[in-house]
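Following: one structure in structure tokens, then a few remarks.
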Amino acid sequence: MCVFCKIINNEIPCYKVYEDDQVIAFLDISQVTHGHTLVVPKKHYENIFVLDEAIAGELYKAVVKVSNILKKGLNLTDLNIINNNGPVAGQTVNHYHIHLVPRYSDDGVSFFIPPKEVNHDKLANLLEQILNNQ
Ligand code: 5GP
Ligand code: ZN
């Protein structure tokens with residue numbers, strides 16, 4: 001059983017921020033920033049590619065709720081929402097989860113996505129490749 005399933009089954013403890021029928025949110029054991037929280041479906045799905053769409057809806061409702069719990073509780077103004085799928089993308093726990101990472105002006109963290117040169121021919125070809133492979 002995976003570590004998040006053990007938390008959900010109360011086999012190992014967590015610092016629970018929020019819970020409903022289908023979703024639990026708890027503090028990440030390794031706090032990237034003050035208040036770093038994971039929002040997790042109670043049912044085990046490995047990643048976004050197998051996540052049930054109805055659960056995804058419930059999960060994102062919880063993301064909004066928990067974001068506002070953190071905002072109020074920590075007087076936040078800024079927050080990153082991150083989800084890693086697969087080892088190359090940095091996923092280390094194979095139970096789908098969404099990171100809520102509160103941001104502070106001096107936190108030293110960066111999730112910056114660098115801008116690249118715009119090429120419309122490449123964009124058109126890329127879109128064709130994506131849509132032709134469905
Ligand atoms: P990932 O790297 O898969 O996107 O995120 C996994 C996260 O789970 C990491 O940030 C890691 O600190 C957290 N984590 C791993 N094991 C535990 C645990 O036992 N309890 C809690 N609360 N967080 C955990
Ligand atoms: Zn699991």
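Start at 1 and go down the list; that is how both ligands and their atoms are numbered.
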Tyr15, OH atom: more than 12 neighbouring heavy atoms under 6.0 Å: no
Is Asn133 atom CG crowded by more than 12 heavy atoms from other residues, nucleotides or ligands, each under 6.0 Å away?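 Result for CG/Asn133: enclosed.
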Start with the C-alpha distance between Tyr18 and Asp20, add both sets of side-chain angles, then the distance that settles side chain to side chain donor-acceptor pair (under 3.5 Å), and finish with yes or no. CA-CA 7 Å; Tyr18 171 84; Asp20 62 33; 2.7 Å; yes
Between the CD1 atom in Ile24 and the SG atom in Cys14, the distance rounded to the nearest 0.5 Å is 4.5 Å
Out of curiosity, Thr33 OG1 to Asn80 CG, how far, rounded to the nearest 0.5 Å? 8.5 Å
Close side-chain approach of Pro41 to Val23, heavy-atom, < 4.5 Å: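 No, their side chains stay 4.5 Å or more apart.
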Test item: Ile82 and Ile98 side chains (from C-beta on) under 4.5 Å apart, heavy atoms: no
Asn85 and Tyr96 side chains, donor-acceptor separation under 3.5 Å: no
Please work out whether the ring planes of His34 and Tyr104 are parallel, tilted or perpendicular, with thresholds of 30° and 60°. tilted
What short N/O contacts, under 3.5 Å, does ligand 1 make with the protein, listed by atom pair and distance?
unit_1, atom_1, unit_2, atom_2, d
ligand 1, 2 (O), Gly90, O, 3.1
ligand 1, 2 (O), Thr92, N, 3.3
ligand 1, 2 (O), Thr92, OG1, 2.7
ligand 1, 3 (O), Thr92, N, 2.7
ligand 1, 3 (O), Thr92, OG1, 3.2
ligand 1, 3 (O), Val93, N, 3.0
ligand 1, 3 (O), His97, NE2, 3.0
ligand 1, 4 (O), Asn84, ND2, 2.9
ligand 1, 4 (O), His97, NE2, 3.0
ligand 1, 4 (O), His99, NE2, 2.8
ligand 1, 5 (O), His97, NE2, 2.9
ligand 1, 5 (O), His99, NE2, 3.2
ligand 1, 10 (O), Asp28, OD1, 3.2
ligand 1, 10 (O), Asp28, OD2, 2.5
ligand 1, 12 (O), Asp28, OD1, 2.5
ligand 1, 22 (N), Leu27, O, 3.0
ligand 1, 22 (N), Ile29, N, 3.3
ligand 1, 23 (N), Ile29, N, 3.3

Report the protein N/O/S neighbours of the Zn ion (ligand 2) that fall below 2.8 Å; do not count waters.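 N, O, S partners closer than 2.8 Å: Cys2 SG, Cys5 SG, His44 ND1, His95 ND1.
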